Structure formats: structure tokens, C-alpha cells
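Note that the structure is a prediction, hence the values are computed from the model and not measured. Every chain is numbered from 1, with letters handed out A, B, ... down the list of sequences.
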There are 4 protein chains.
Amino acid sequence: MRRIPRQQRSREMVARIIDAVGEVLAERGLDNMTTNHVADAAGVSIGSLYQYFSDKDELVEALLESLSKRVTRDFHQQSVKLNMNTLPLRQLVELAIRYGMQSIRTNPLMYELARNWQRLPFDRLLEPLSQFFQVMAQPYFLKNYQNYPVENLQAKLYVLVHSTLFTSVHYLVQDVPTISEDELIATLTEMIVGMLEPPATGAG
Amino acid sequence: MRRIPRQQRSREMVARIIDAVGEVLAERGLDNMTTNHVADAAGVSIGSLYQYFSDKDELVEALLESLSKRVTRDFHQQSVKLNMNTLPLRQLVELAIRYGMQSIRTNPLMYELARNWQRLPFDRLLEPLSQFFQVMAQPYFLKNYQNYPVENLQAKLYVLVHSTLFTSVHYLVQDVPTISEDELIATLTEMIVGMLEPPATGAG
Amino acid sequence: MRRIPRQQRSREMVARIIDAVGEVLAERGLDNMTTNHVADAAGVSIGSLYQYFSDKDELVEALLESLSKRVTRDFHQQSVKLNMNTLPLRQLVELAIRYGMQSIRTNPLMYELARNWQRLPFDRLLEPLSQFFQVMAQPYFLKNYQNYPVENLQAKLYVLVHSTLFTSVHYLVQDVPTISEDELIATLTEMIVGMLEPPATGAG
Amino acid sequence: MRRIPRQQRSREMVARIIDAVGEVLAERGLDNMTTNHVADAAGVSIGSLYQYFSDKDELVEALLESLSKRVTRDFHQQSVKLNMNTLPLRQLVELAIRYGMQSIRTNPLMYELARNWQRLPFDRLLEPLSQFFQVMAQPYFLKNYQNYPVENLQAKLYVLVHSTLFTSVHYLVQDVPTISEDELIATLTEMIVGMLEPPATGAG
DNA sequence: CATGAATGAGTATTCATTCAT
DNA sequence: AATGAATGAATACTCATTCAT
């Protein structure tokens, strides 16, 4: 079990180790990441590493947890910066997908995580992201479709977030794509918008 | 390179080994599967195993190839047995999802494969399945929506097949689901049907 | 123990296998030569191979034995062709060394054998060669230095043949030579001639 | 890469491992030497062994390096002890050869190394030995033959050192010698002395 | 005699984890 | 608390040789 660091110095050490996990993961890949590599990269003895993390797995979990916060924050900042909540849903969605795919493509760490998401405690990252979208979507719907059945919303978000993430990550990671990236984004956008717009757009 | 089995006995041995791969995989998991375990389970010397499979990877590939055929066939049989092509799209989709999820849940081997599909040459299985759905969908659309834009169809199927598979597999594998299985299936079904129905039923 | 082939067909098979040993050795090197490779190259089943050769080692032995004859014959032919026995000793020796080194350098099989001579039953090749030189030298000395102590000759030839062979083979095979090839040949020649010329050339 | 031992304990461990290499080599032979054997013989875990030696080859290299120093030192001591530099060349040479052959014959490790020197990084041992002879020879020549052509000396030493080593080692290792050891030594000595004495003592 | 499918002992190397200092 | 030296189980793959057919 991981010991919870109370001291300032300890917290710094934990942070250093988690950063090191990211570095090693990005540089050597999940398969070639060893606890000793991490300790080296963190400038910490392997013994100390095991003082704070009882397990190799815990290292990765901690990284994902840490990333989760950062990613959510980044997404939030980006959404504010681009005034996303003023955009029509379709544009908002497309922008978000593009931003996400670009992030993974350009960030070696994110890419390596994407390449191995299934072996990782990915929900650490997935859940808050899902939460974030939910939070972000909530006011949107309240504003635009007051009488939209919120009940349904959770399931829809679950399905859409997972579908979009898994499909686009798989697309980025797979060798030979069978459709173009624009087609993918357009179709995903259409799918999401189709699901989130009011069931029968009224006047009918 | 894998030696191609010409003799009857050889073909039996290959089959026995592939079966053994499945057994070991189901029992010990992908990470703890050993070539020697497989040889033991097949009642075959490790040397013989390597006479027919040049690689550990080739063992898994062969299993997936073999499963791919079986799964496609089972799906086909199931679709015939249930008279699927006479059903309305919504029921057809729901039935297919239920059947697929049930298969994975009840079959330890399928479950283990699902848990690790990202590390496996999974397209071996995904592609024929996708193909199968496409073939199955084609006449459906021809019958019901003659002037449906086929152009779009490929991208839509790509997105839908991947989304449905990834999301439902993830659902089965994850620890604490946040929505019920019925909700999941209903939402996935709605998503698929929504995408595949003619764009604007309106003026029709 | 190797079975001695009496039949014509058997003798052909043995010959084919020995040739195959040479091929495989030249192509794959001693370390990567396997009995199955040899059997394949000979177009013979591995079982048949073991009918005539009880051992992997025996294969190599047989090759060396066979080569021994060929090399001795080649040397003889060469010596006749170049009218060697009419030449002064110094030129004869130099020519022989050059010819030998050239043979090894240009013949991949000879080179591979040279690279591994110590692990091989090299005497199979060394002895007849030594014999050959002795036979070749005998008349030379009888003609030129009637009262030369033949007693000594055997030891001298032993030392000279071994020294020349080992040193030049090592030279050919080593990575970074510290003297030039011409220096090597000149020095070896001088060494040999110095040893074989009458102890005190008389007038003193 | 081999970790450089800084601690006292580490240096001891490295020494113990190198000794173990020698033991295993002497007992089981080069072909049957195993990293695990060495670790066992050293009373060290296989993991520790690999902490200091990155490779099986490095083990042998380290042994040779270590032996190289010892052999050179022993030779030097021996030469001092026997007042070799006061001896006439002929006796000096004969003594050296006898001492060398005796060392190999009586030391199982040296014998095994001699039997396999071609596969070993033997220049580690050959070079310093050659150097040693050169250094030892230099003053000798300066004293006795001031105007001796040093130009030639390098090639001569190359040829003589290699010839003597290879031939005598081969003699020790071969099964059925065709000349007596005394004959061998006498002839080698004659060869060396003949080469190293001034070209034509005649008119001097 | 011929075949070639089958055998299985044997080996270098890695890496998560511990624990004496 | 920190260190890092030490551990040793675990694993894919080769190849000489056999023997049932």
C-alpha cells in the first residue's frame, strides 16, 4: 500500500517520481519501463521509490491520476480560451475532437498511453474526463433544451465519450486507416450531435 | 516460418496446439501464457510446437484467425436462426449487441481476448466482423432506403462498429459500471439506429 | 560409428552430404551450421544423414579429410604448373605462401575453416600438407645438399609448416594487422629459407 | 554496460566472479561454461553477476585481461629470477619456451584457454606478451649488435612470437605428436636464434 | 534403407522487489 | 528515512538425435 507522504519533502519526491514515470514511459515505452529506470530518472534510489509506491502498477496509476487532473484542466482552459460554450454544439464537438486527437498525436507520453490504454488503469483518466464533459454539457442543455430528459444524458455521455475516445485513439494508433481523418471526425461529430440534439426537433 | 502441415497428423497437431493456446489463455491470461504451457496443454513437446509455429506471437495470431472464422460463422448462424433480416433495424441491432456481449461474458477465452484486444492482432477478428455487418447491412438498406448515400456508409460503419465494440467490451471488463447494462444497450442501439436511418425522414 | 558405404549409390550420397557440409559451412558459418541444414542442402533426409554419419563432428571431419586430398592435389598441380621444382628455394617458398594465402582469402569455405581451425580436426588437413611439403622438399635437398642431415628435416618441416600456416592464417583472419602482408611474406620466407639452407654455407 | 565497482565489497565480488570463470573454464571447458555455472561457482546470484558483467563474453574478456597481467608479471619475475638477460640468446629462448609450455601443460586453465585461444579475445594476452619480448629483446640487441636493422625487427618478432606460440600450443594440444618435445624446442630455438642473429656475421 | 516428425534438455538474460547497512 | 547491492524465478527458443512408419 502506498504510504501517504505528509512532509513537504516527501510530497516533492512523490511528484518527482511521477514525473519520472512519464518521462520513462514517453522515452522507452511501457514495455521497456522498469522501476529502476524510473528511480534513476527521478534521481531517487530504488529503495526510496518503494517507500512511496508499493508496486510498479501503482506508479502508473499515480501517473494517470496526475495526468487526469492536468488533462481536465487543459481541456477546461482550452474551452474557455476558445469561448467554446458560445459555439453551436456541432462546432464545439468537432473542435474538442480535433484538439484531443492533436494532443495525443503530438505528445509522446499521451501517444504511448493511448497505444496501451487497455493495459492501463485508464478509467483514472476516463472518468474525470467524462465527468468534465458532463459538467460542461449540463448548462448547455439547460440553456438550450430546458425540458430535455436528463435521465438519459448520463448513459448517452457514457456511450459517446467512450465511443469517441476509443475510436479516435484506435484510429491514431492503428497502422493502416481505412477512412480519412476528416471523415472520422465528421462522422463522430455527426454521431454525437445526432445523439445530443432533442429527440424530435419540435416543429414536426 | 511456420511449416505448412500437409499430413493429416500434422493438421491435427496444429489444431491441438491452437486449442491449447485458447485454454492457456483462458486459464492463465495473456501475460502468463508461456510457450511451454501451451506445449504442455497440447500434450506436445515444445520442439514440435516450434516446428509449426515460428513464434509465440504466431500462436496467438493463429488462435485469432481460427476464432475469427468461428465467430463470423456463429454470428451468421445466429442471424439466420433468429431471422434477423426480417426484423426492424432497431431489434436487429439490439439483438446483435446482446448476443455479442453475452458471448464475451460467458466465454472465458473471449473475455480474456477482449481484455487484451489492443495488444492482439485484433483486426484479424474485427475486419471480418465489420465486413459481415456491412454485408448484412447492404441488402437492408437497399431494400428500405434505395437512395441512401452509400458514400457515407463506410465511415459510419467504421465508427459504429468500433464504437460499439470498444464501448461494450470496456463495459464488460471494467470494474464498477456507472450505468446499467440495459441502459448501455439501449443507448448504443439508439446511437446506431440514429446514424443508419435516412438523414431526414422529414419530407418522405 | 560411421557406416562404410559399399554401394555405389551410398558412396554418392556420402559425397553429396560432404559437399553440403562445405556449402553450409561457407554460407552460414560453423556456428550456424546444423545437421538439418546439411541434410537439406544435400537433398537428403536427416535420417539418412545419420545412417552414414554418427555425429555432427563426423561431418566436419569427413569434409576436412576430403578437402585435404583436394588441397594437396591442387598444391601439387600448382607446383607442376609453375615448374616449382626448378625454382630457387626462396622463390618457391614465397610462391607457395602467396598461393596459400590467396586460396584462403578467395575461397569462402577455406576462409571459414581458417577462422575456426582450432575447433576443427585440422590435423586432417595439416598432416597431409606437411607430408606433401616433405615429399616435395626431399628431392630438392637430395639434389642440392647431398650431405644435409635429414634427421633434422622432419622437425624443421614440422615447425616451419605449422608456423607458416598458423601465422599466415591468423594474419588473414585477425582484424587489425600490425605489419603489412608483404612484410609478413618476406619474413616468413626468410625464416624458412634460413632454416632449410645448409647450416654453414661452406666457405667459412 | 559493466557497472564499475567502487566499493571494496564490489571489487571483491568482481574478483570472485573472475576467479569463478577460471574455475568453470578449467573444469567444464569453454563450450560447457554457463553464466549460471559461473555464478554458482562464485557463490553469487546470477543477477549480481549481470550487475557487473553485461555479457557472457565480458566474463571471458575479464578473465583474459586479468590473466594477461599475471602472465606478463610471472614471465618477468621468471626472467629476473633466472637472470635471463645475462644469458646467451639461445639459452634465454629455450628457457622461455620451456617455461611457457610447462605453464600451459600444468595449468588446466591455461590449457583450456590454449585449446580455444582462437575463439577468445586472445590478443589481450598475445599483445602484452609480444610487447614484453620486444622490450626484453631491445637491450639485448642494442648491447650485442649495435647496428642491427631495427626496421625489420617488428616483422620478425611478429612472425616469431606467433609461430612459436601457435606451434607449441598446437603441439601441446594435439593428440599424437610426430616429433619429440625436445626436438620441437630445439628447432624452435634454432629458428628464433637464426632469425635474430645478425644477418651475416661473416666479414665482421 | 529412407523418411521427417517429434523430442526436450539446455541457456542467456531481465527486472520487480527486498533488506542489510 | 534513504540507499543500492543483491536476489533468483521466470522464459523463449535451438538443434542434435531418435525411431515409428
Asks: How long is the line joining CD of C:E12 and C1' of E:dC1, in whole Å?
Replies: 16 Å
Asks: How long is the line joining CZ of D:F53 and P of E:dT14, in whole Å?
Replies: 15 Å
Asks: Nearest heavy atom decides the nucleotide; on that basis, is A:M33 or B:V44 closer to the 5' end of DNA chain E?
Replies: B:V44
Asks: State which of E:dA6, F:dA6, F:dC13 makes the closest approach to the side chain of B:Y50.
Replies: F:dC13
Asks: Between F:dA12, E:dT18, F:dT17, which nucleotide gets closest to the side-chain atoms of B:T35?
Replies: F:dA12
Asks: Which atom pair, heavy atoms only, marks the closest approach of D:M110 to D:I104?
Replies: CB-CA, 3.9 Å
Asks: What heavy-atom pair brings A:Q118 and B:W117 nearest, and what distance separates the two atoms?
Replies: NE2-CE3, 2.7 Å
Asks: Considering only F:dA12, E:dC1, F:dT17, which nucleotide approaches the side chain of C:S10 most closely?
Replies: E:dC1
Asks: Side chain of B:T34 only, please: which of F:dA12, E:dA2, E:dT13 is the nearest?
Replies: F:dA12
Asks: Tell which nucleotide pairs with F:dA16, taking only Watson-Crick or G-U wobble pairs whose two distances are both under 3.5 angstrom.
Replies: E:dT7
Asks: Give the rounded distance in Å between these two atoms: CG of B:D40 and P of F:dC13.
Replies: 16 Å
Asks: Output yes when B:R119 and B:D31 qualify as a salt bridge under the 4.0 Å nitrogen-oxygen rule, no when they do not.
Replies: yes
Asks: Can you find a side chain N or O atom of B:Y52 that sits less than 4.0 Å from OP1 or OP2 on E:dA5?
Replies: no
Asks: Report the residue (D:K56 or B:G47) whose heavy-atom-nearest nucleotide on DNA chain E is the more 5′ of the two.
Replies: B:G47
Asks: Could you work out which one of E:dT18, E:dT7, E:dT3 sits closest to the side chain of C:Q51?
Replies: E:dT3
Asks: May I ask which nucleotide in the shown strands pairs with E:dT21, Watson-Crick or G-U wobble, both distances under 3.5 Å?
Replies: F:dA2
Asks: Just call it for A:D55: base, sugar-phosphate, or nothing, with non-hydrogen atoms closer than 4.0 Å on any strand.
Replies: sugar-phosphate
Asks: Does the side chain of C:M33 come within less than 4.5 Å of C:V60's, by heavy atoms?
Replies: yes
Asks: Quick check: on DNA chain F, is the nucleotide nearest D:L49 upstream (toward 5') of the one nearest B:D57, or the reverse? Name the residue that is more 5'.
Replies: D:L49
Asks: E:dT17 C1' sits how many Å from A:E58 CD, rounded?
Replies: 14 Å
Asks: Output the single nucleotide from E:dT18, E:dA2, E:dT14 whose closest atom is nearest the side chain of C:S45.
Replies: E:dA2
Asks: Of the nucleotides F:dT7, E:dA9, E:dA6, which has the atom closest to the B:S48 side chain?
Replies: E:dA6
Asks: Take atom CG of B:N36 and atom P of E:dT7, then tell me their distance rounded to the nearest Å.
Replies: 13 Å
Asks: Nearest whole angstrom, please: distance from the C1' of F:dT14 to the NE2 of C:H37.
Replies: 10 Å
Asks: Among D:V24, D:L25, D:L49, which residue satisfies the side chain to side chain contact (heavy atoms under 4.5 Å, CB included) criterion with D:L59?
Replies: D:L49
Asks: Go through it in stages, so that I can follow the logic: the residues are B:H170 and A:D123, the test is side-chain hydrogen bond (donor to acceptor under 3.5 Å, both in side chains), and I'd like the CA-CA distance, side-chain angles, deciding distance and then a yes or no.
Replies: CA-CA 10 Å; B:H170 178 83; A:D123 290 340; 3.0 Å; yes
Asks: How many Å lie between CD1 on C:I46 and P on F:dA20, as a whole number?
Replies: 18 Å
Asks: Figure out the CG/P separation between B:N32 and F:dA10, and round it to whole Å.
Replies: 10 Å
